[in-house]
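Below is one structure; the comments refer to it alone.
Computed from heavy atoms alone, side chains included, the values below leave out hydrogens, waters and symmetry copies. All ligand and atom numbering here is 1-based and tracks the order in the structure.
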Amino acid sequence: MPYVKEVFEYLKRTSPSQTEFYQAAQEVLESLRPLMAKYPKYTQHKIIERIVEPERQILFRVNWLDDNGVIQVNKGFRIEFNSALGPYKGGLRFHPSVNAGVIKFLGFEQIFKNALTGLQIGGGKGGSDFNPKGKSDNEIMRFCQAFMSELFRHIGANTDVPAGDIGVGGREIGYMFGMYKKLANKYEGAFTGKSLKWGGSLARTEATGYGTVYFAKYMLEDRGETLEGKRCVVSGSGNVAIYTIEKLYQLGALPITCSDSNGMIYDEAGIDLGLLKDLKEVKRVRLSEYVKYVPTAKYTPIEAYPEGTNAVYNVPCFAAFPSATQNELNITDAKNLLASGCICVSEGANMPTTHEAMELFIEAKICYGPGKAANAGGVATSQLEMAQNAAKITWSFEEVDAKLAQIMKDIYINSSTTAAEFGEPTNLVLGANIAGFRKVADAMIEQGLV
Ligand code: NDP
Ligand code: 2IT
């Protein structure tokens, strides 16, 4: 079918150098071949050509003053990708690696992820190349206020609802919400991931990590397996990694690694969750500090990783939970995992696996949960926060957690039955992409050419 090649040529010509976006688009478009062949309506309505083009892209300047009184300038982004299913919804990422291609890949993934949740949320993503590391609390506040001084006019509870992602947690959401409220003169749920003291939802902090582990549980159950007593590797040590580790312990598994951008911890006895939370959520220090408190654990700095690999995936395990960033798991890592007997990979991060490594997992027919399915629990619980805000009610932790578990189960069933419908029952990449796309595409057709 010629459309994949043609769409790629178009994307490369009109959006140059957006490598991560091409990767995300390639994966989805390749999965859609059997669907496009079976249903000509998607071709007739030019859904592919329309869906790869964001509805609106907002690029803006962010000026702010650092603690020395020096002017700093950063780039701001919000890409409102698709609103067929609801208001644009997706996180904000603050990291020096952020550029238009990174935000576009994340926004594109978000369209299908949000569709898979079964909830009324469209897809969007934003952020900045601002580096929060080493900044004082006042600098973080001033940056968030400066960022919001432009973004406030584009968002709102029924138009576009941002949340957190890398470098954006409860503290940053607080400062951004405060500025939004002041400028828009509205106290409304224009953000999710808010503090529990003023409109946040119980279990939103935990939701992405918990959801990724629930997804692994459902994949494994289908093969008569459980996580109980199993060695698991986790990468990252931020929001997603921490609550992945917490849920793994709750299900009787043994999480033995975590990492940050400087190195990784291997703790044979199991990661000390209380210590990890204290180091990362309270003290906000580097992970290398862990061994000061647990001398029996091993810290490997990134310089000592075997050439071309991520040392997290050199640790023999039953299941792996990539929870740091895109393309952190390459083909060598995938081979190492499979050779060590790993039979389950559930992606907490967005697109953590390179294209080649993903193909290897699919070929090996392991339980492989791609990010847009496996980490959808975060955004799904964000929608539960929106629902509570709109109804001016609050649900208990148990209620939200039960809804989250059910949503993850439904996403697994939807992805696996769709995969089976198209002849590859174990290929959840195929199943998730087709199931997510079909929902958005049908809505676009029904809503006309807008
Ligand atoms: P955090 O900022 O809380 O944590 C990010 C973690 O990943 C840190 O340990 C960080 O290390 C590490 N990391 C980030 N960038 C790199 C890099 N380039 N190389 C190596 N390590 C890196 O973010 P989250 O936990 O929220 O996000 C993690 C992943 O999960 C991202 O891919 C995000 O898009 C995805 N995700 C998040 C959701 C959420 O609700 N928060 C929902 C769904 C997906 P360091 O501190 O050294 O930078
Ligand atoms: O990638 C993601 O799904 C997120 N960062 C969470 C988005 C959200 O709106 O909760």
Side-chain angles (χ1 to χ4, degrees), residues 20 86-98 102-103 105-114 116-117 119 121-127 131-134 155 160-173 189-194 200-201 203-212 215 234-245 258-265 276 279-281 284-288 302 305 310-312 321-329 347-353 371-386:
E20 290 88 354
Y88 306 105
K89 182 81 196 87
L92 295 170
R93 176 178 291 192
F94 293 169
H95 194 271
S97 63
V98 162
V102 167
I103 299 298
F105 117 65
L106 290 162
F108 188 69
E109 289 281 287
Q110 201 81 45
I111 304 172
F112 309 105
K113 181 196 301 192
N114 294 3
L116 284 169
T117 66
L119 303 168
I121 36 180
K125 200 85 186 192
N131 185 359
K133 276 199 201 99
I155 64 171
D160 184 351
V161 186
D165 194 82
I166 291 176
V168 178
R171 175 180 57 166
E172 292 73 22
I173 300 282
F191 275 89
T192 59
K194 300 185 292 299
S201 172
R204 173 61 188 93
T205 305
E206 293 82 357
T208 310
Y210 278 23
T212 305
F215 197 83
V234 178
S235 68
S237 51
N239 171 267
V240 178
I242 289 172
Y243 293 96
T244 293
I245 291 172
C258 57
S259 65
D260 64 12
S261 54
N262 295 109
M264 60 96 68
I265 288 288
L276 183 66
L279 294 176
K280 288 294 176 179
E281 295 183 336
R284 295 179 185 269
V285 292
R286 306 313 297 159
L287 192 58
S288 52
I302 200 161
Y305 286 9
N310 181 340
V312 167
F321 295 84
S323 313
T325 194
Q326 64 270 12
N327 293 326
E328 57 161 295
L329 193 168
E347 295 182 343
N350 285 304
M351 206 171 72
T353 305
K372 64 169 77 65
N375 72 37
V379 75
T381 307
S382 276
Q383 198 280 349
L384 301 179
E385 182 173 330
M386 290 161 70

Check: Is there at least one pair of N or O atoms, one from S323 and one from ligand 1, spaced under 3.5 Å apart?
Finding: no

Margin query: For the 3.5 Å polar cut-off, considering only N or O atoms, please tell me whether G167 and ligand 1 meet it.
Written below: yes

Note to self: Quick check: closest heavy atoms across Y305 and M264, and the distance to 0.1 Å?
What the structure shows: OH-N, 3.2 Å

Check: Should D165 be counted as touching ligand 1, given the test is an N or O pair under 3.5 Å?
Finding: yes

Item checked: K89 side chain to V161 backbone, donor-acceptor under 3.5 Å -> yes

Notebook entry, point to check: So, N262 side chain and L287 main chain: donor-acceptor pair closer than 3.5 Å or not?
Noted result: no

Checklist line | Taking atom 23 (O) of ligand 1 as the reference point, the nearest protein heavy atom with its distance | finding: I166 CA, 3.4 Å

Check: Do the side chain of E347 and the main chain of A374 share a donor and acceptor less than 3.5 angstrom apart?
Finding: no

Note to self: Below 3.5 Å, N or O to N or O, backbone or side chain included: is there any such pair between N262 and ligand 1?
What the structure shows: no

Next item on the list: Report yes or no: do Q383 and T117 form a side-chain donor-acceptor pair below 3.5 Å?
Entry: no

Margin query: Need the ligand 1 atom indices (1-based, order shown) with element for anything under 4.0 Å from a heavy-atom of R93.
Written below: 31 (C), 32 (O), 33 (C), 34 (O)

Notebook entry, point to check: With sequence neighbours left out, what residues match V240 under side chain to side chain contact (heavy atoms under 4.5 Å, CB included)?
Noted result: T208, T244, S323

Margin query: Counting only nitrogen or oxygen atoms and a 3.5 angstrom limit, does A241 reach ligand 1?
Written below: no

Notebook entry, point to check: What do you reckon, does N239 have a nitrogen or oxygen under 3.5 Å from a nitrogen or oxygen of ligand 1?
Noted result: yes

What are the atom names and distances for all N or O pairs under 3.5 Å between ligand 2 and the protein?
| residue | atom | partner | partner atom | Å |
| --- | --- | --- | --- | --- |
| ligand 2 | 1 (O) | Q110 | OE1 | 3.4 |
| ligand 2 | 1 (O) | K113 | NZ | 3.0 |
| ligand 2 | 1 (O) | K125 | NZ | 2.9 |
| ligand 2 | 1 (O) | N350 | ND2 | 3.0 |
| ligand 2 | 3 (O) | Q110 | NE2 | 3.0 |
| ligand 2 | 3 (O) | K113 | NZ | 2.8 |
| ligand 2 | 5 (N) | K125 | NZ | 3.3 |
| ligand 2 | 5 (N) | G164 | O | 3.1 |
| ligand 2 | 5 (N) | D165 | OD1 | 3.0 |
| ligand 2 | 9 (O) | K89 | NZ | 2.7 |
| ligand 2 | 10 (O) | R204 | NH2 | 3.0 |
| ligand 2 | 10 (O) | S382 | OG | 2.6 |

